[in-house]
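Below is one structure, written out as structure tokens; the observations come after it.
Chain naming here is simple, since letters A, B, ... match the order of the sequence lines and numbering starts at 1 in each.
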Amino acid sequence: MAQIPEGKVISYGELAALSGLGRAARWVGRTLSQLPQDTRLPWHRVLAAGGRLSLAAGTPSGEEQRARLRAEGLTIRNDRVDMRRHGWRPMEANG
DNA sequence: GACATGACCGCAC
DNA sequence: AGTGCGGCCATGT
């Protein structure tokens with residue numbers, strides 16, 4: 001997760017698979033929910049499938065996530081981000 | 001061991 | 001486009 005570049009996003013399922021956790025998307029979610037508030041990990045770049053934001057707008061964390069994503073230049077439409085444009089895969093990291 | 005829950009995923013209707 | 005259902009992995013009671 002720390003390797004996700006700024007302005008890019010990934011889904012829980014992808015992150016789980018890429019981390020060698022198989023299909024443990026739920027486990028990723030539960031883990032993120034337990035992150036300390038002062039973590040510097042880019043947790044806001046982890047979205048649900050299809051670029052959907054699973055954290056509801058209005059909640060502290062939900063607003064925080066939207067703010068951070070927008071700050072990185074992403075556009076949020078109807079609680080979702082354009083994965084086609086901002087999706088990230090490790091292969092792209094190698095150039 | 002059984003049962004319920006979670007910042008989930010994919011498919012079918 | 002919205003809803004329902006089963007599957008997934010780990011944790012807590």
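You'll find the side chain of A:Met1 stays beyond 4.5 Å of the side chain of A:Val28, heavy atoms only. When side chains are defined from C-beta on, A:Ile10 counts as touching A:Val46, because their heavy atoms get closer than 4.5 Å.
Look at the P atom in both C:dG2 and B:dA7: the space between them is 23 Å, to the nearest Å. Only the C1' atoms considered, B:dG6 is 14 Å distant from C:dG7, to the nearest whole Å.
At whole-Å resolution of the value, CG in A:Leu55 and C1' in B:dG6 are 12 Å apart. One atom, CZ of A:Arg80, and another, C1' of C:dA1, lie 10 Å apart when rounded to the nearest Å. Summarising the geometry, the separation between CG on A:Leu15 and P on B:dG6 is reported as 21 Å, rounded to the nearest angstrom. Distance OH (A:Tyr12) to C1' (B:dC9): 13 Å, rounded to an integer number of Å. With rounding to whole Å, A:Met83 atom CE is found 12 Å from B:dC9 atom C1'.
DNA chain B lies under 4.0 Å from at least one heavy atom of each of the following residues of residues 36-43 of chain A: A:Trp43.
Applying the 4.0 Å criterion to OP1 and OP2 of B:dA7, one finds that A:Ser54 has every side-chain N and O outside that range.
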Side chains of residues 11-26 of chain A: which donor-acceptor partners sit under 3.5 Å, not counting sequence neighbours?
| unit_1 | atom_1 | unit_2 | atom_2 | d |
| --- | --- | --- | --- | --- |
| A:Ser11 | OG | A:Glu14 | N | 3.1 |
| A:Tyr12 | OH | A:Ser54 | OG | 3.2 |
| A:Ser19 | OG | A:Leu15 | O | 2.6 |

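Using a 4.0 Å heavy-atom distance criterion, A:Thr31 is classed as making no nucleic acid contact.
Remark: A:Leu55 CG to A:Glu64 CD distance equals 11.0 Å, nearest 0.5 Å. Between the CD atom of A:Glu6 and the CG atom of A:Leu69 there is a distance of 10.5 Å, given to the nearest 0.5 Å. Note that NZ of A:Lys8 and CZ of A:Arg89 are 10.5 Å apart. Values are rounded to the nearest 0.5 Å.
Looking at A:His44 and A:Glu72, their side chains do bring a donor and an acceptor atom within 3.5 Å of each other.
Looking at A:Asn78, its side chain never comes within 3.5 Å of a backbone N or O of A:Arg80 through a donor-acceptor pair. Here the side chain of A:Arg66 pairs no donor or acceptor atom with the backbone of A:Ile76 at under 3.5 angstrom.
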Where do N or O atoms of nucleotides 8-13 of chain C meet protein N or O atoms at under 3.5 Å, pair by pair?
| unit_1 | atom_1 | unit_2 | atom_2 | d |
| --- | --- | --- | --- | --- |
| C:dA10 | O3' | A:Trp27 | NE1 | 3.3 |

